[in-house]
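Chain naming here is simple, since letters A, B, ... match the order of the sequence lines and numbering starts at 1 in each.
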There are 2 protein chains.
Amino acid sequence: MSHITLDDVAKVSGFSKSTVSRVLRNDPNVNPITKEKVEQVAQRLGYIPNIVARSLRSKKTTTIGVVIADICNPFFPSVVRGVEDVAREKGYSIILCNTDEKYEREKEALNTLIQKRVDGLLISPVQKKFDDLLELRRQKIPFVLIGRHFDPLEMDHIVTDDIRGAFMATEYLIKKGHKKILFINGPLYTSCARERMAGYKKALVENNIKLDTKLLKEGALKMEDGYRVIKKAISSKLDFTAVFAFSDLVAFGVIKALKEQGRKMPDDVAVVGYDNIDFGFSLELPLTTVHIPKYELGSEGMKLLHRKINEKINETQKIVLDTKLIIRDSA
Amino acid sequence: MSHITLDDVAKVSGFSKSTVSRVLRNDPNVNPITKEKVEQVAQRLGYIPNIVARSLRSKKTTTIGVVIADICNPFFPSVVRGVEDVAREKGYSIILCNTDEKYEREKEALNTLIQKRVDGLLISPVQKKFDDLLELRRQKIPFVLIGRHFDPLEMDHIVTDDIRGAFMATEYLIKKGHKKILFINGPLYTSCARERMAGYKKALVENNIKLDTKLLKEGALKMEDGYRVIKKAISSKLDFTAVFAFSDLVAFGVIKALKEQGRKMPDDVAVVGYDNIDFGFSLELPLTTVHIPKYELGSEGMKLLHRKINEKINETQKIVLDTKLIIRDSA
DNA sequence: TTGTAGGCGTTATCAA
DNA sequence: TTGATAACGCCTACAA
């Protein structure tokens, strides 16, 4: 309850509200001596600017919304950290929302964030629907998509080269002699799942391996999903010598299931993950995986958003970051 | 730029601003028919409440600040998730700030958060200084400390029973026959490091083992710290048969260094961590550790904060959650 | 149940 | 360089 307002500082210092406001905003159009005096009074009274009031008047909240699936998914902390570092540097705070990949939650989050008048948004969209994003656009609220994008819709985004990532992973397995590569993909409503599928197929085609749709699974997001798919695959006697998982998390489930079945890795079955999350290196079986620049996804995404907010850029900006194959012991 | 304001809805619907305001806040004192009409108009015009304006007037932002060391530290995502789940349920958003254990950063974060008039704060304090927290108290802004606390200062907090946690870990090692237990503790300016030290000593005393200060190291927070301490200990021919690390992260560094030295675990050296972070189970060497209820630290912390904000509780609330020893393969 | 008036604390605009 | 005045969009108090 700092009851001290700009008005109080004005009265005590003897200057007008406008002048005091200028001083406190570091407006250059103010006499240095005045500035000094006002600052001293403000200091002495313990004045604390009310950003809510400032926001109402200036229509800027210096706050941005960050909407992700789940901060507990080891993919996201680095992304969020990248965002926050750049945001802080530019004078923004971030409001964090988890959607758990549920469209309704995403919609609610965006609604709240719109009502709170954030200056912009960074979103890793669920992609089951996108009406909420169109609404954002209609409201002319700047936003940048992170890690996923909508093909036909022209929306600013920053993603990784997942076609190439999946291609590298698959080709690596093929070069190792594998022909029956079980691909446990993510939900196909996500752009990254579709692109990884494209990369997987491309590698097969270029190496003259016929696509076997029985080796294509989709919808995996968590460790349990990988575990379940493998258990089922084995009980139904599916024939495969390698697994390419949608994420390291899914790969962990795969490895767990495979181990329970007594399959040796990488000899009986080779496993490749995706994301290169922390500690993937110190696992029982150090994971071969595709590295995604998570921190940069966040930091560069925030930089783009900042430009979108402050410059009037009309063209859609699309940033694609490189992926990299990390070879360890699991394949 | 939804230019539609409450005023517009009032004019179009033919009612006054107050009535419209009542409708939109679900104030019971309004004729259902009126409510219906107003809601329809609001809907038709695409009215979006401006929470900034509401906050200025009502002095409530429905936003709380969450100040932690680093979301990339695997300890924090669950904590933050616990906070966010409860916050969302109660109608709050969370602004996330990382301090990297730097007091200046904590102070800046709190400053910004105060200026943004958050309704309350959840803080995992750096503890090198606490002037900023006293300022918070002076301003009568509700806040709850998470995971750390200040002994003499009466501040609301939620922590885990680290004396007991460290006691259990140490005693477990002793029962296994270890007498020379290297304790790589965290920075002693943190309450949890001091309490774990107390638990460590208590276990020694109760088992008639003389404390060897050469086996006491402090200040470790990251993986590198654990790695470095072990390297140095070995090069200086320090004699130890077990290591109790401040965190799983530190333990990872310990294990790495030990492995490089060709020491077998747990036979040559037993290692116990702390926190029970994800994937600690699937490491090359599944980690024996002390479990901390991270999610509950966040969710219960948020519940307490919510009570602090809405009820006028004067007594300091102190919550202590249980810790639990998780025995796996590293010790 | 509804309406009127005023103010929350700041910045924008215009004038001096 | 400084000041007066009017918003920003909403809610609170009080009156009708």
Would you tabulate the side-chain donor-acceptor contacts of residues 106-114 of chain B under 3.5 Å, counting partners in other chains and residues two or more places apart, or write 'none'?
unit_1	atom_1	unit_2	atom_2	d
Glu106(B)	OE1	Val126(B)	N	2.7
Thr112(B)	OG1	Glu108(B)	O	3.0

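- At dG3(D), one or more side-chain N or O atoms of Ser16(A) fall inside 4.0 Å of OP1 or OP2 (strictly under the cut-off).
- Partners of Ser55(A) by side chain to side chain donor-acceptor pair (under 3.5 Å), not counting sequence neighbours: none found.
- Under the rule for a ring pair (Phe, Tyr, Trp, His ring centres under 6.0 Å), Tyr103(B) has no partner lying at least two apart in sequence or in another chain.
- Lys59(A) has no side-chain polar atom (N or O) that falls below the 4.0 Å cut-off from OP1 or OP2 of dT10(C).
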Check: Which nucleotides of nucleotides 11-16 of chain D have their base under 4.0 Å from a protein heavy atom (B), which only their sugar-phosphate (S), and which neither (-), written as one string 5' to 3'?
Finding: BB----

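- In the helix from dT1(C)-dA16(D) to dA16(C)-dT1(D), the rotation axis of the first five pairs and that of the last five pairs differ in direction by 30°, rounded to 10 degrees.
- Screening residues 90-101 of chain A for salt bridge (Lys or Arg N to Asp or Glu O under 4.0 Å) gives Asp100(A)-Arg105(A), Asp100(A)-Arg81(B), Glu101(A)-Arg148(A) as the qualifying pairs, with residues at least two apart or on separate chains.
- By the side chain to side chain donor-acceptor pair (under 3.5 Å) test, Lys116(B) is found to be paired with Thr62(A), Thr63(A), Ser93(A), residues two or more places apart in sequence or in another chain being considered.
- Leu56(B) places its CG atom 9 Å from the C1' atom of dC8(D), with the value rounded to the nearest Å.
- Partners of Ser58(A) by side chain to side chain donor-acceptor pair (under 3.5 Å), not counting sequence neighbours: none found.
- Residues passing the salt bridge (Lys or Arg N to Asp or Glu O under 4.0 Å) test with Glu84(A), sequence neighbours excluded: Arg88(A).
- The ring pair (Phe, Tyr, Trp, His ring centres under 6.0 Å) check on Tyr92(A) picks up His306(A), with sequence neighbours excluded.
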Expected list for residues 296-304 of chain B: side-chain donor-acceptor pairs under 3.5 angstrom, two or more places apart:
unit_1	atom_1	unit_2	atom_2	d
Ser299(B)	OG	Tyr295(B)	O	3.2
Glu300(B)	OE2	Lys303(B)	NZ	3.0

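- DNA chain D is contacted by no residue of residues 27-39 of chain B, taking any non-hydrogen atom closer than 4.0 Å.
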